[in-house]
Protein chains: 2
Amino acid sequence: MIELRHLRSLQAIEREGSLARAAETLHLTQSALSHQIKALERYYGTPLYLRSTRPLALTAAGMRLLTLAGEVLPAVDAADAALRRVADGRAGRLHIAIECHACFDWLLPVLDRYRQDWPDVEIDIRPGFGFDAVPALARGDLDLVISSDPRAGRELVFEPLFDYEARLVLADGHPLARREFIEPADLREETLITYPIERSRLDVFAKFLQPAGVEPRAIRQVELTAIILLLVATRKGVAVLPDWVLAASSQGGFITRPLGPGGMRGTLHAAIRRSDGEAAWMQAFIADCRAKAAPA
Amino acid sequence: MIELRHLRSLQAIEREGSLARAAETLHLTQSALSHQIKALERYYGTPLYLRSTRPLALTAAGMRLLTLAGEVLPAVDAADAALRRVADGRAGRLHIAIECHACFDWLLPVLDRYRQDWPDVEIDIRPGFGFDAVPALARGDLDLVISSDPRAGRELVFEPLFDYEARLVLADGHPLARREFIEPADLREETLITYPIERSRLDVFAKFLQPAGVEPRAIRQVELTAIILLLVATRKGVAVLPDWVLAASSQGGFITRPLGPGGMRGTLHAAIRRSDGEAAWMQAFIADCRAKAAPA
DNA sequence: TCAAAAATATGAATAAAACTCATGATAGAG
DNA sequence: CTCTATCATGAGTTTTATTCATATTTTTGA
């Protein structure tokens with residue numbers, strides 16, 4: 001069966017004009033090339049070179065193979081170079097899912113900067129994984145999941161990125177603004193504005209209201225962070241958002257208060273496969289996440 | 001170094017969904033495939049499959065190679081099929097040169113018929129070889145030369161095609177028409193119409209006039225056979241043409257006479273490389289030439 | 001035309017590789 | 001948690017590729 005080695009030999013013979021010189025550039029002996037071609041000719045049952053001429057002249061069959069070499073070898077070499085970039089950490093695939101909805105706010109700027117430094121990394125944000133993101137990571141459908149509850153395993157690593165505090169956001173002059181901190185019962189008469197995801201995935205419910213058996217007066221779901229802040233400022237309700245959202249926002253007209261006496265805190269993690277952990281492109285990305293909105 | 005074998009394995013694994021099944025279709029063992037992939041991974045220094053999943057899932061690097069396989073293998077298989085056609089005599093290259101100018105008249109119809117039966121033979125008529133056609137045949141620049149003087153060698157074979165007689169063509173009622181045959185001196189007062197090639201390559205001169213030291217009154221060179229016949233019929237001169245030209249012509253107004261008492265005869269040959277002599281496409285072509293203008 | 005030079009071919013021996021066999025390890029299903 | 005399907009591993013074997021030494025062929029230049 002023909003192999004790439006044969007195509008490389010044919011190209012070298014054409015380039016160098018003789019078996020002997022081609023053999024040199026291929027780091028082979030003239031004999032090796034002669035045997036190689038003879039084997040090809042035996043395999044196909046037709047001569048590739050006219051032997052009555054010196055140097056050898058290609059037959060039509062030989063030319064067909066030389067053409068094939070020209071078609072095929074550049075593609076092979078390109079793939080080869082690409083894999084080499086993967087091997088030394090310059091290239092990789094970074095398909096991200098985010099479990100935390102508000103993370104778009106810091107992630108997009110980070111990605112923007114990152115992709116300039118790592119042009120060979122194929123970046124994507126994949127929606128629609130929901131709570132299945134971590135299994136999808138193990139399966140190889142994803143490469144990184146932004147998550148706030150680490151469940152490391154043999155195959156997966158959870159790299160801590162940064163701590164955050166979820167705080168209640170309310171309009172300037174709201175009655176609750178006089179409190180030092182917020183208790184669950186305080187929200188009984190409030191309209192709570194949240195991202196449009198199921199309650200079980202919202203920490204306010206899971207960790208704050210539900211344990212106390214409190215239900216807010218109403219819930220309103222809004223997609224965009226900026227709109228949530230606008231609604232809060234115009235006294236349409238209150239919201240619970242991580243502190244980075246508020247630090248990064250240029251909007252005004254609201255203040256924040258801790259949830260509970262100690263505040264509701266957490267740590268954001270990047271879940272990755274252990275096998276990707278050493279790669280330069282991955283380490284750089286995690287470093288960029290930690291630096292977050294650092295000056296460009 | 002990566003080889004086509006590896007690309008075929010990757011494709012089979014993708015197709016079959018597991019090493020074991022892929023191994024079957026490749027007529028290998030599962031172990032062989034496992035070793036093969038491990039070798040590739042060692043070579044590139046990066047995993048091609050995630051091992052923590054069953055069946056194996058491709059990594060980004062693995063996908064790059066699978067893509068390469070898709071690009072490259074169809075081209076390889078196409079070339080392979082083409083060479084197989086060459087090997088069993090269905091395909092070949094037929095680059096023809098003709099030493100005899102009038103041969104166009106029977107060759108073109110023959111080629112027309114031939115190429116319908118042998119679509120995989122690459123046909124061309126290569127002008128500009130002149131007397132160097134036979135060496136060019138040995139060098140592999142040509143594959144067949146129509147020639148009237150056989151000089152066979154170790155490398156070359158001259159296949160006889162058919163006999164012909166070169167006859168003097170003259171207008172009906174021309175004074176020379178009363179002769180049984182023509183002698184050199186008869187042309188002393190005639191205008192001789194020839195193809196536009198050097199005198200040494202025209203048999204009338206080389207074999208008939210020159211030996212007798214006779215020079216015609218004038219020479220006129222004309223490219224096309226039909227025009228030559230027209231000029232003869234309209235008494236602008238006489239010409240020497242092989243008999244097949246006259247047999248095939250539908251024009252009238254002229255008669256022919258032998259040159260010398262026995263006529264000037266020759267045999268047309270097809271010069272080919274001995275290595276092409278066995279090929280089915282070549283034998284068929286020579287047979288077609290011998291049959292000449294046989295009914296289609 | 002002949003010998004020297006250059007290029008390729010050949011066969012045996014060696015080196016390298018690819019593959020198989022037998023078995024061990026692991027993941028996923030029930 | 002066991003069972004089954006799947007993949008990995010290492011030693012041994014077979015196959016393939018390459019080298020070495022030398023023969024053959026073609027080309028070149030007197």
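In what follows, chains carry the letters A, B, and so on, assigned in the order in which the sequence lines appear, proteins first and then strands, with residues in each chain numbered from 1.
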(Q) Measure CD/B:Glu41 against P/D:dT9 and give the value in whole Å, please. (A) 10 Å

Q) Which atom names give the shortest non-hydrogen contact between B:Arg199 and B:Gln210, and what distance separates them? A) NH2-OE1, 4.1 Å

(Q) Pick the closest DNA chain C nucleotide for A:Glu155 and for A:Gly17 by heavy atoms, then say which residue is nearer the 5' end. (A) A:Gly17

Q: With the side chain of A:Arg54 defined as its heavy atoms from C-beta on, choose the nearest nucleotide among D:dT27, C:dT20, D:dT18.
A: D:dT27

(Q) Should the side chain of B:Ser34 and the base of D:dC7 be counted as holding a donor-acceptor pair, with the cut-off at 3.5 Å? (A) no

Q) To the nearest Å, how far apart are A:Leu50 CG and D:dT26 C1'? A) 13 Å

Q: Round to the nearest Å and state the distance from A:Leu26 atom CG to D:dT19 atom P.
A: 10 Å

Q.
Nearest to the A:Thr53 side chain among D:dT27, D:dA21, D:dC7, which nucleotide is it?
A. D:dT27

(Q) As a test of reading the structure: which of C:dA27, D:dG10, D:dC7 is closest to the side chain of B:His35, going by heavy atoms? (A) D:dG10

Q) When we call it a touch if two heavy atoms are under 4.0 Å apart, what does A:Ala32 touch: a base, just sugar-phosphate, or nothing? A) base

Q: Report yes or no: is there a donor-acceptor pair, N or O only, under 3.5 Å between the side chain of A:Ser52 and the base of D:dT26?
A: no

(Q) Classify A:Leu56 by what it touches in the nucleic acid, base, sugar-phosphate, or nothing, heavy-atom distance under 4.0 Å. (A) sugar-phosphate

Q) Want to settle it: does B:Arg21 or A:Thr29 sit nearer the 5' end of DNA chain D, counting the closest nucleotide to each? A) B:Arg21

Q: For residues B:Phe285 and B:Trp118, establish whether the separation of their ring centroids is below 6.0 Å.
A: no

**Q.** Rounded interatomic separation in angstrom, taking CD from A:Gln30 and C1' from C:dA6
**A.** 11 Å

Q.
Students often get this wrong, so: under 4.0 angstrom with heavy atoms, is B:Leu33 touching a base, only sugar-phosphate, or nothing?
A. nothing

Q) How many Å lie between NZ on A:Lys38 and C1' on C:dA12, as a whole number? A) 12 Å

Q) For A:Pro55 and B:Gln36, take the nucleotide of DNA chain C holding the closest heavy atom to each; which residue's nucleotide lies nearer the 5' end? A) A:Pro55

Q. Rounding to a whole Å, what distance do you find between A:Arg8:CZ and D:dA17:P?
A. 16 Å

Q) Is the base of C:dT10 touched by the side chain of A:Ser31 through a donor-acceptor pair closer than 3.5 angstrom? A) yes

Q.
Without decimals, in angstroms, what is the distance between B:Leu19 CG and C:dA27 P?
A. 15 Å

Q | Candidates A:Ile37, A:Leu56, A:Leu48, A:Thr25 - the one meeting side-chain contact (heavy atoms from CB on, under 4.5 Å) with A:Ile13 | A | A:Ile37

Q: Measure the distance from CD on A:Glu16 to P on C:dT8 and round it to the nearest whole Å.
A: 12 Å

**Q.** B:Arg290/B:Glu159 ion pair, N-O < 4.0 Å
**A.** yes

Q: Salt-bridge test for B:Asp88 and B:Arg84: reply yes if a basic N is under 4.0 Å from a carboxylate O, no otherwise.
A: no

